[in-house]
Student: 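So that we are looking at the same thing, I have put the structure below in C-alpha cells.
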Amino acid sequence: MSKLSKKEQRVRRHRHIRNKVSGTAEQPRLCVCRTGAHIYCQVIDDEAGVTLAAAGTVEKEFRAQKLAANVKSAEIIGKAVAERAIAKGIKKVVFDRGGFPYHGCVKAVADAARQAGLEF
C-alpha cells in the first residue's frame with residue numbers, strides 16, 4: 001500500500017467534500033484556498049460556473065499591507081470577500097474548506113465572513 005503525500009490527502013478530502021457541497025445562484029459556495037504564502041477566497045455559483053465575488057492576498061490593495069498566509073490576513077480576506085458578496089446581494093453561502101482542516105486560517109476566514117454578515 002502506497003502512502004499519499006499531504007497534498008494528495010488534501011485533494012482526496014476536497015473531492016469527498018465537493019461531492020456533497022455545491023453552490024447555486026440562491027446559495028453560492030464560499031471556497032477557501034490556502035498556500036504557504038497566500039490565502040484566496042471565492043464565492044462561486046457552480047450551476048452557472050461563474051465566480052460572483054473573490055478576494056486574495058495577492059490583490060493590489062492587500063499587497064500594500066504585506067499580507068501573508070496567517071490568521072490576521074485570513075480575517076481581512078474573509079471580511080473583504082463577505083463585503084463584496086453582500087454588495088452583489090448574496091447573504092447566504094455554503095462553506096467549502098477545500099480539504100484543509102477547519103482550524104487556523106480557514107476558521108479565521110469563516111469567522112470573519114460571518115461577522116461581516118454572511119450566513120452559512
Side-chain angles (χ1 to χ4, degrees):
M1 188 160 75
S2 65
K3 219 170 174 196
L4 297 176
S5 70
K6 273 188 160 185
K7 182 176 180 177
E8 290 168 334
Q9 290 173 359
R10 185 193 69 78
V11 169
R12 189 166 178 248
R13 277 191 307 269
H14 190 171
R15 262 192 255 121
H16 183 80
I17 291 167
R18 287 288 289 121
N19 283 333
K20 298 177 182 181
V21 175
S22 182
T24 63
E26 297 81 36
Q27 192 170 2
R29 175 172 57 101
L30 174 60
C31 182
V32 177
C33 182
R34 179 185 55 79
T35 67
H38 298 287
I39 299 169
Y40 311 89
C41 292
Q42 293 180 315
V43 177
I44 303 167
D45 176 1
D46 290 313
E47 291 176 343
V50 293
T51 299
L52 306 171
T57 54
V58 295
E59 292 179 16
K60 196 170 188 176
E61 64 182 273
F62 299 124
R63 235 181 313 160
Q65 299 176 27
K66 304 272 189 215
L67 297 183
N70 55 39
V71 172
K72 187 175 180 184
S73 300
E75 291 170 352
I76 294 169
I77 297 301
K79 183 179 178 195
V81 75
E83 289 170 351
R84 293 173 185 181
I86 289 170
K88 295 208 174 176
I90 301 163
K91 299 237 189 283
K92 201 164 190 175
V93 296
V94 176
F95 189 70
D96 175 13
R97 63 187 175 97
F100 298 104
Y102 188 78
H103 183 270
C105 293
V106 176
K107 184 176 187 290
V109 167
D111 291 342
R114 276 191 200 103
Q115 287 177 350
L118 280 184
E119 296 176 28
F120 293 25

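Note that the numbering runs from 1 along the sequence shown for the chain. This is a predicted model, so every value here is computed, not measured.
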Student: Looking only at heavy atoms, which two atoms of Leu52 and Lys88 are closest? And how far apart?
Tutor: O-NZ, 2.9 Å
Student: Not counting sequence neighbours, which residues clear side chain to side chain contact (heavy atoms under 4.5 Å, CB included) with Ala25? List them please.
Tutor: Asp45
Student: Under the side-chain hydrogen bond (donor to acceptor under 3.5 Å, both in side chains) rule, collect the residues that match up with Lys79, sequence neighbours excluded.
Tutor: none
Student: Mind checking side chain to side chain contact (heavy atoms under 4.5 Å, CB included) for Ala74 and listing every partner two or more places apart, or none if nothing turns up?
Tutor: Ile39, Cys105, Ala108, Val109
Student: Once side-chain hydrogen bond (donor to acceptor under 3.5 Å, both in side chains) is applied, do any residues pair with Glu61, and if so which ones, sequence neighbours excluded?
Tutor: Arg84
Student: Mind checking whether Phe95 and Tyr102 have parallel, tilted or perpendicular rings, split at 30° and 60°?
Tutor: perpendicular
Student: Taking transitive links into account, so neighbours of neighbours count too, which hydrophobic residues share a cluster with Tyr40 at under 4.5 Å side-chain distance?
Tutor: Val58
Student: Among all residues two or more places apart in sequence or in another chain, which pass the side-chain hydrogen bond (donor to acceptor under 3.5 Å, both in side chains) test with Arg34?
Tutor: none
Student: Do Phe120 and Val81 belong together in a cluster built from hydrophobic side chains that touch within less than 4.5 Å?
Tutor: yes
Student: So, using side chain to side chain contact (heavy atoms under 4.5 Å, CB included) as the criterion, who are the partners of Val94 when residues are at least two apart?
Tutor: Val21, Gln27
Student: Run the side chain to side chain contact (heavy atoms under 4.5 Å, CB included) test against Lys66 and tell me which residues pass, sequence neighbours left out.
Tutor: none
Student: Using the side-chain hydrogen bond (donor to acceptor under 3.5 Å, both in side chains) criterion, which residues pair with Asp111? Sequence neighbours excluded.
Tutor: Lys107, Arg114
Student: For residues 6-20, which residue pairs qualify under salt bridge (Lys or Arg N to Asp or Glu O under 4.0 Å), counting only residues two or more places apart or in two chains?
Tutor: Arg18-Asp46
